[in-house]
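Have a look at the structure below, then the notes.
We use all heavy atoms of the structure for the numbers below, so side chains are in, but hydrogens, waters and symmetry mates are not. Just so it is clear, the structure is predicted and the values come from calculations on it, not from any experiment.
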Amino acid sequence: MVEEKMGGCWSQTKDQFDNLEKHTQWGIDFVEKYTKFVKERSEIELNYARQMRNLSKKYQPKKKDEDENKYTWCRAFHSTLNELNDYAGQHEVIAENMMSQIIAELTRYSQEIKTERKTHFHDGRKAQQHIEAGWKQLESCKRKFERDCKEADRAQQYFEKMDADINVTKADVEKARQQAQMRHQMASDSKSEYSSYLQKFNQEQNEHYYTIIPNIFQKIQAMEEKRIERMGESLKTFAEVDRQILPIIGKCLDGMTQAAESIESKTDSSQVIESYKSGFEPPGDVEFEDYGQAMKRTVSETSLTNSRSENKPERSSKSKTKTLWPFIKKNKGSNPEDFSHLPPEQRRKKLQAKIDDINKDIQKEMDQRDALTKMKEVYIKNPQMGDPNSVDPRLAEIAHNIEKLQVEAQKFEGWLAEVEGRMPVKSDTSRRTSTVYETQNSTPPTNNNCAQDRESSPDGSYTEEPSSEVQTSNESKVQPETAESGDEFDDAEEDMLPTIGTCKALYPFEGHNEGTIAITEGELLYVIEEDKGDGWTRVRRNEEEEGYVPTSYVEVFLDSNAKGAITYI
């Protein structure tokens with residue numbers, strides 16, 4: 001009957017008060033354990049986001065790599081890095097939401113449930129102590145009643161004994177009777193007190209087990225059920241925090257996919273062509289020159305002079321029409337101001353960029369001039385604001401700067417016009433060739449050998465050279481012209497340079513650019529021209545193969561007697 005009244009409440013466990021206390025404490029400990037788990041998870045998310053952001057920042061393009069943006073595959077990678085940065089930000093959102101929606105809430109709730117549990121179990125212990133005290137009082141009344149009954153029985157027996165004894169005085173008998181009556185009265189009072197307290201205890205015990213304790217246990221049960229519900233809500237929030245960022249994560253991944261799909265190989269290939277096209281035409285076929293016919297003619301000063309005079313136009317035309325492949329200049333450390341060391345297309349781009357920069361500087365100076373002019377007008381109208389003459393020195397300086405920049409711009413525009421063919425400029429090769437031939441005609445020959453030496457240039461094309469004696473005698477006349485022209489092909493006119501040492505390749509070098517030579521690691525080569533301060537060393541593999549390699553890629557061993565002994569024309 002009692003169990004049916006209690007139903008499914010925790011009051012059925014009235015004899016397991018201590019075990020319930022342990023169980024509820026374990027539940028609170030579990031909440032704290034789960035809170036610690038979520039906190040560690042949020043720290044993992046923050047560390048992951050931090051590492052992802054650092055990774056994205058590490059591979060972001062630097063200022064020196066801005067040219068990468070012209071290639072679609074580079075732009076796709078940069079877009080992926082940006083999306084990855086946003087992706088990392090969503091993991092920071094996860095950590096923040098877990099801190100605010102789970103950790104903070106559970107921490108506060110743990111304190112509340114601890115206080116509530118302490119109150120309930122305090123009330124339960126108090127009720128338990130009260131009923132135990134009532135039980136002890138009832139036992140005391142019961143023992144007193146029992147003791148008084150025994151005393152009354154003994155007093156009654158003594159009275160009856162005294163009353164039956166004829167030798168006892170009447171006074172003693174009366175005294176025994178009064179004592180017996182008193183004991184009976186005391187036993188009767190104890191009985192009444194015991195009966196009254198027993199009734200009271202039974203009421204209190206009934207109220208304790210059917211009202212007070214059930215109510216306390218119901219509150220503890222509600223507290224525990226609420227704790228379990230909060231755990232369920234927190235577990236659900238734990239999943240929802242992740243679910244909320246999935247759409248944004250999906251957008252980040254979609255952005256990465258779109259960046260990958262935006263790569264266009266054809267466009268990038270065209271960009272490479274646009275960036276590195278030189279404008280040089282491939283060399284034409286080398287014509288056969290029959291030097292045997294010159295030996296058959298009668299060798300005389302007149303015939304030699306006439307033959308040279310007759311051949312002059314033909315040789316000049318050949319030098320004009322012959323086109324050579326570009327080759328690295330010897331003096332790479334000091335590039336000329338007009339960028340003549342670059343191929344035509346690259347030179348045009350450099351000159352145009354230089355002109356644009358100068359025009360920007362001119363515009364800045366003009367803006368400053370306009371501002372100062374307005375300031376001067378204000379000073380003229382309102383002398384109290386300032387002296388108009390104080391602006392004049394700065395205006396004069398700006399005018400001088402503008403004039404200098406305009407002259408410099410005209411100079412670069414002239415060079416640009418040469419490159420673009422807007423001005424009729426004689427090629428350096430033609431100018432050098434005509435100078436050599438004019439020198440030959442004005443100088444009497446000292447050698448009957450009229451055969452021209454053919455020398456193979458380092459890039460594989462051929463040039464025509466006068467005899468060594470004629471060139472030597474006129475070196476002073478030819479040198480200024482060639483030095484002034486800054487020709488790209490001086491190497492083609494030199495004799496084969498002697499070796500000044502050896503070198504060992506420390507690293508492989510592919511040598512894709514014109515004028516360079518490919519080397520393999522550990523390869524031994526001859527040094528024919530040491531580094532002039534530009535980071536390149538000229539080497540030779542054999543009599544026909546030579547070119548430039550990075551100085552840092554080789555270990556050079558120069559001959560002590562050859563170093564510094566070579567001069568270049």
Side-chain angles (χ1 to χ4, degrees), residues 1-25 27 113-226:
M1 182 69 181
V2 173
E3 299 297 335
E4 292 178 359
K5 183 178 180 181
M6 289 182 180
C9 71
W10 280 22
S11 300
Q12 297 179 12
T13 61
K14 55 186 178 294
D15 56 344
Q16 298 293 324
F17 187 84
D18 293 338
N19 289 334
L20 288 180
E21 186 178 15
K22 293 179 180 177
H23 177 78
T24 52
Q25 181 61 45
I113 195 174
K114 284 180 181 179
T115 303
E116 183 180 358
R117 173 182 173 277
K118 183 178 180 180
T119 301
H120 294 330
F121 280 96
H122 176 74
D123 294 342
R125 287 194 187 90
K126 186 176 179 180
Q128 192 72 22
Q129 291 172 358
H130 179 74
I131 199 66
E132 288 176 357
W135 173 257
K136 290 179 181 179
Q137 187 67 29
L138 178 63
E139 286 293 320
S140 176
C141 291
K142 180 181 176 182
R143 285 193 299 270
K144 182 181 179 185
F145 173 58
E146 182 182 6
R147 188 167 56 250
D148 289 345
C149 287
K150 289 180 180 179
E151 291 292 334
D153 288 342
R154 282 197 297 271
Q156 183 66 29
Q157 290 175 3
Y158 180 74
F159 167 71
E160 291 176 354
K161 181 180 178 181
M162 294 291 289
D163 188 39
D165 190 354
I166 56 174
N167 296 324
V168 178
T169 62
K170 197 172 186 178
D172 291 337
V173 173
E174 184 61 26
K175 183 179 178 181
R177 186 181 65 79
Q178 290 178 357
Q179 186 69 24
Q181 287 179 352
M182 184 186 69
R183 291 294 180 183
H184 278 290
Q185 184 62 39
M186 291 178 63
S188 177
D189 292 343
S190 296
K191 181 179 179 181
S192 297
E193 182 182 0
Y194 172 65
S195 176
S196 175
Y197 202 85
L198 177 63
Q199 184 179 3
K200 179 184 177 182
F201 175 78
N202 287 334
Q203 289 177 353
E204 289 179 351
Q205 180 176 254
N206 186 70
E207 184 179 4
H208 175 79
Y209 284 106
Y210 289 95
T211 303
I212 297 177
I213 290 299
N215 287 340
I216 292 175
F217 278 20
Q218 282 286 10
K219 291 178 182 178
I220 296 174
Q221 180 179 356
M223 177 193 73
E224 182 68 8
E225 290 176 353
K226 184 179 179 181

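For N202, the side-chain contact (heavy atoms from CB on, under 4.5 Å) partners at least two apart in sequence or on another chain are L198, Q205. Looking at residues two or more places apart in sequence or on another chain, you find a side chain to side chain donor-acceptor pair (under 3.5 Å) between T169 and D172. Remark: F159 pairs with no residue by the ring pair (Phe, Tyr, Trp, His ring centres under 6.0 Å) rule, at least two apart or across chains. Evaluation of the salt bridge (Lys or Arg N to Asp or Glu O under 4.0 Å) rule for K142 yields no partner, not counting sequence neighbours. Taking K126 as the reference, nothing meets the side chain to side chain donor-acceptor pair (under 3.5 Å) condition, with sequence neighbours excluded. By the salt bridge (Lys or Arg N to Asp or Glu O under 4.0 Å) test, E151 pairs with R154, sequence neighbours left out. Remark: K150 engages E146 in a salt bridge (Lys or Arg N to Asp or Glu O under 4.0 Å) (not counting sequence neighbours). In this view, Q185 and D189 satisfy the side-chain contact (heavy atoms from CB on, under 4.5 Å) rule, not counting sequence neighbours. For E193, the salt bridge (Lys or Arg N to Asp or Glu O under 4.0 Å) partners are K144, not counting sequence neighbours. Annotation: ring pair (Phe, Tyr, Trp, His ring centres under 6.0 Å) contacts of F201 (sequence neighbours excluded): W135. Under the side-chain contact (heavy atoms from CB on, under 4.5 Å) criterion, K175 pairs with no residue, sequence neighbours left out.
The two residues V173 and M162 have their closest heavy-atom pair at CG2-O, 3.4 Å. Nearest heavy atom pair, residue A155 against residue Q179, reads CB-O, 4.1 Å.
For T24 (side chain) and L20 (main-chain N/O), a donor-acceptor pair under 3.5 Å exists by modelled atom type.
Annotation: side chain of Q25 is in contact with side chain of R117 (closest heavy-atom distance under 4.5 Å). In this structure the side chain of H130 never reaches within 4.5 angstrom of the side chain of H208, judged on heavy atoms.
Here salt bridge (charged side-chain N to carboxylate O under 4.0 Å, His left out) pairs that include residues 196-208, with residues two or more places apart or in two chains, number zero.
Annotation for Y197: atom OH counts as buried by contact number, over 12 foreign heavy atoms lying within 6.0 Å.
Note that the NE2 atom of H120 and the OG1 atom of T115 stand 10.5 Å from one another [nearest 0.5 Å]. Rounding to the nearest 0.5 Å places OH of Y194 at 12.5 Å from CD of Q137.
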